[in-house]
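Note on naming: letters A, B, ... go to the chains in the order of the sequence lines (proteins, then strands), and numbering restarts at 1 for each one. Source: prediction; values computed, not measured.
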There are 2 protein chains.
Amino acid sequence: MNTPLEDKIRELKHQGLKATVARRAVLEVLIEGPSHQSADDIATKISQRYPEIHLSTIYRTLDTLENIGSIDHVHLGHGRAVYHLGDDPHQHLVCDRCGSVIEVPNEIFASLSKTLANDYGFHLRRSHFAVLGRCQACEATDGSTAQPR
Amino acid sequence: MNTPLEDKIRELKHQGLKATVARRAVLEVLIEGPSHQSADDIATKISQRYPEIHLSTIYRTLDTLENIGSIDHVHLGHGRAVYHLGDDPHQHLVCDRCGSVIEVPNEIFASLSKTLANDYGFHLRRSHFAVLGRCQACEATDGSTAQPR
DNA sequence: CTGCTTGCAAATAGTTTGCACGTTC
DNA sequence: GAACGTGCAAACTATTTGCAAGCAG
């Protein structure tokens, strides 16, 4: 068994892609960092070690990695997308008040998924949508303390 | 019973808001038009009758209407938001291939909603998220004909 | 008349793209 | 050394905001 990074690099090469500094850097950050990071989050971290890596390269790299299935992204509702490794399929609960993200296992959506397929011929895409609502804390304080949205 | 438009105007006034031309126009389009329209869709239609109404006014109007609960919006995953009347709470299934939107009644999400509340303290927000996946047609033809995304 | 609304223009935020140069295999 | 990648700057899309003028109540 190898390091997760080495595994990802191997995936890259298997697809006939080159293992560049930028791609390694993006993968490192995704592997180390919190599980959900925006392109900008990633860029900020990378720029500490490799100041020359440009934001647009990060976008292109994320796009590439997503195409080969190494990572996934979710839209959190306010426009910004966050990326995460594609290894552990899960769904995202996003609080529309404080923006916190809760990950829940895919199985919770199994029966919904089945219903949608049977009744509507619709096939849920794994780990690619955010479910909006209120987290416990925000639900408790309701519209009194912080900003909605 | 009155026309839907009159009802909405009344809601406005009850909230101490003014019934302006722009607000009437936006409501008209939402009532007449397809059930899911983006700010830009709405602006385009309105500009035929009232060329002077500015896009930014539409955004402000949509925001206002949403605040008083007259309408809702959903993010369809690619950044653009669509708006619809708030009368009939439902969820949206969006095909990430062809972009089509299927509406499903809220009840289908009832058990999911309960599970999330019990296990995660998370309270699903009604009619405010899009579920991504593949519609029947796209699932059938898979990655062969059209563009993913 | 008085404040809520709007038009306009300019600013943002997030992401994408054209092009010439650089790097990996 | 050829093809793939990248830096940079500029374009884009969707949306927001400041401000002065306009209109509803």
Side-chain angles (χ1 to χ4, degrees), chain A residues 8-27 36-44 46-47 49-68 70-83 96 99 130 147-149, chain B residues 8-27 36-44 46-47 49-68 70-71 73-83 99 130 147-149:
Chain A
K8 292 293 185 187
I9 298 291
R10 202 164 303 121
E11 284 180 32
L12 265 180
K13 298 201 171 177
H14 278 176
Q15 301 285 330
L17 297 172
K18 295 178 180 173
T20 65
V21 179
R23 287 173 182 172
R24 279 174 213 272
V26 168
L27 285 170
H36 298 86
Q37 305 184 69
S38 68
D40 204 61
D41 294 338
I42 297 169
T44 302
I46 287 184
S47 67
R49 303 182 222 170
Y50 313 92
E52 72 283 0
I53 294 181
H54 199 273
L55 180 57
S56 68
T57 300
I58 312 245
Y59 276 107
R60 280 189 276 227
T61 300
L62 289 169
D63 207 52
T64 303
L65 293 174
E66 189 159 17
N67 283 148
I68 64 171
S70 273
I71 65 173
D72 264 318
H73 80 273
V74 217
H75 295 276
L76 295 191
H78 343 299
R80 173 161 102 276
V82 295
Y83 296 80
D96 68 5
Q147 303 290 4
R149 252 190 182 171
Chain B
K8 292 292 185 187
I9 298 290
R10 202 165 303 122
E11 285 179 32
L12 264 182
K13 299 201 171 176
H14 279 178
Q15 302 285 330
L17 297 172
K18 295 179 180 174
T20 66
V21 179
R23 288 172 180 172
R24 278 173 213 275
V26 168
L27 285 169
H36 298 87
Q37 305 184 69
S38 68
D40 203 62
D41 293 338
I42 297 169
T44 303
I46 287 184
S47 68
R49 303 181 223 170
Y50 314 93
E52 71 283 0
I53 294 181
H54 199 273
L55 179 57
S56 68
T57 300
I58 311 241
Y59 276 108
R60 279 191 276 229
T61 300
L62 289 169
D63 207 51
T64 304
L65 293 174
E66 189 159 17
N67 284 148
I68 64 171
S70 273
I71 65 173
H73 80 274
V74 217
H75 295 277
L76 295 190
H78 345 300
R80 175 160 101 276
V82 295
Y83 296 79
Q147 303 290 3
R149 246 186 189 178

For this session: Grab the CD1-P distance between A:Ile42 and C:dT15 for me, whole Å please.
Result: 10 Å
Listed pairs under 3.5 Å, donor-acceptor, residues 12-25 of chain A side chains, sequence neighbours left out:
{"residue": "A:Thr20", "atom": "OG1", "partner": "A:Arg23", "partner atom": "N", "Å": "3.3"}
{"residue": "A:Arg23", "atom": "NH1", "partner": "A:Lys18", "partner atom": "O", "Å": "2.9"}

Between the protein and nucleotides 21-25 of chain D, which nitrogen or oxygen pairs come in under 3.5 angstrom?
{"residue": "D:dA24", "atom": "N3", "partner": "B:Lys18", "partner atom": "NZ", "Å": "3.2"}

For this session: Name all residues meeting the side-chain hydrogen bond (donor to acceptor under 3.5 Å, both in side chains) criterion together with A:Glu11; count only those two or more places apart in sequence or in a different chain, and write none if there are none.
Result: A:Ser70
Exercise. In whole angstroms, how far is the C1' atom of C:dC21 from the CD1 atom of A:Ile53?
Worked result: 17 Å
Problem set entry | First encountered from the 5' end of DNA chain D, between A:Glu52 and B:Ala39 | A:Glu52
For this session: Mind calculating the distance between OH (A:Tyr83) and P (C:dG14) to the nearest angstrom?
Result: 12 Å
Seminar exercise, completed: Contacts of A:Thr64 meeting side-chain hydrogen bond (donor to acceptor under 3.5 Å, both in side chains) (sequence neighbours excluded), chain-then-number -> none
Exercise. Rounded to the nearest Å, what distance is computed from the CG atom of residue A:Leu12 to the C1' atom of nucleotide C:dT24?
Worked result: 12 Å
Exercise. Given atom CG of B:Asp63 and atom P of C:dT5, what is their separation to the nearest angstrom?
Worked result: 12 Å
Exercise. A:Asp40: what forms a side-chain contact (heavy atoms from CB on, under 4.5 Å) with it, not counting sequence neighbours?
Worked result: A:Ser38, A:Thr44, A:Leu55
For this session: Please list, chain by chain and in numerical order, all residues satisfying side-chain hydrogen bond (donor to acceptor under 3.5 Å, both in side chains) with A:Thr57, sequence neighbours excluded.
Result: none
Problem set entry | Five-pair end axes of the helix from C:dC1-D:dG25 to C:dC25-D:dG1 and the angle they enclose, rounded to 10° | 30°
Seminar exercise, completed: Residues of residues 54-62 of chain A with a heavy atom under 4.0 Å from any atom of DNA chain C, listed by number, are A:Leu55, A:Ser56, A:Tyr59, A:Arg60
Exercise. Roughly how far, to the nearest 0.5 Å, is CD1 of A:Ile9 from CG of A:Leu27?
Worked result: 5.5 Å
Seminar exercise, completed: With sequence neighbours left out, the residues meeting side-chain contact (heavy atoms from CB on, under 4.5 Å) with A:Ser56 are A:His54, A:Arg60
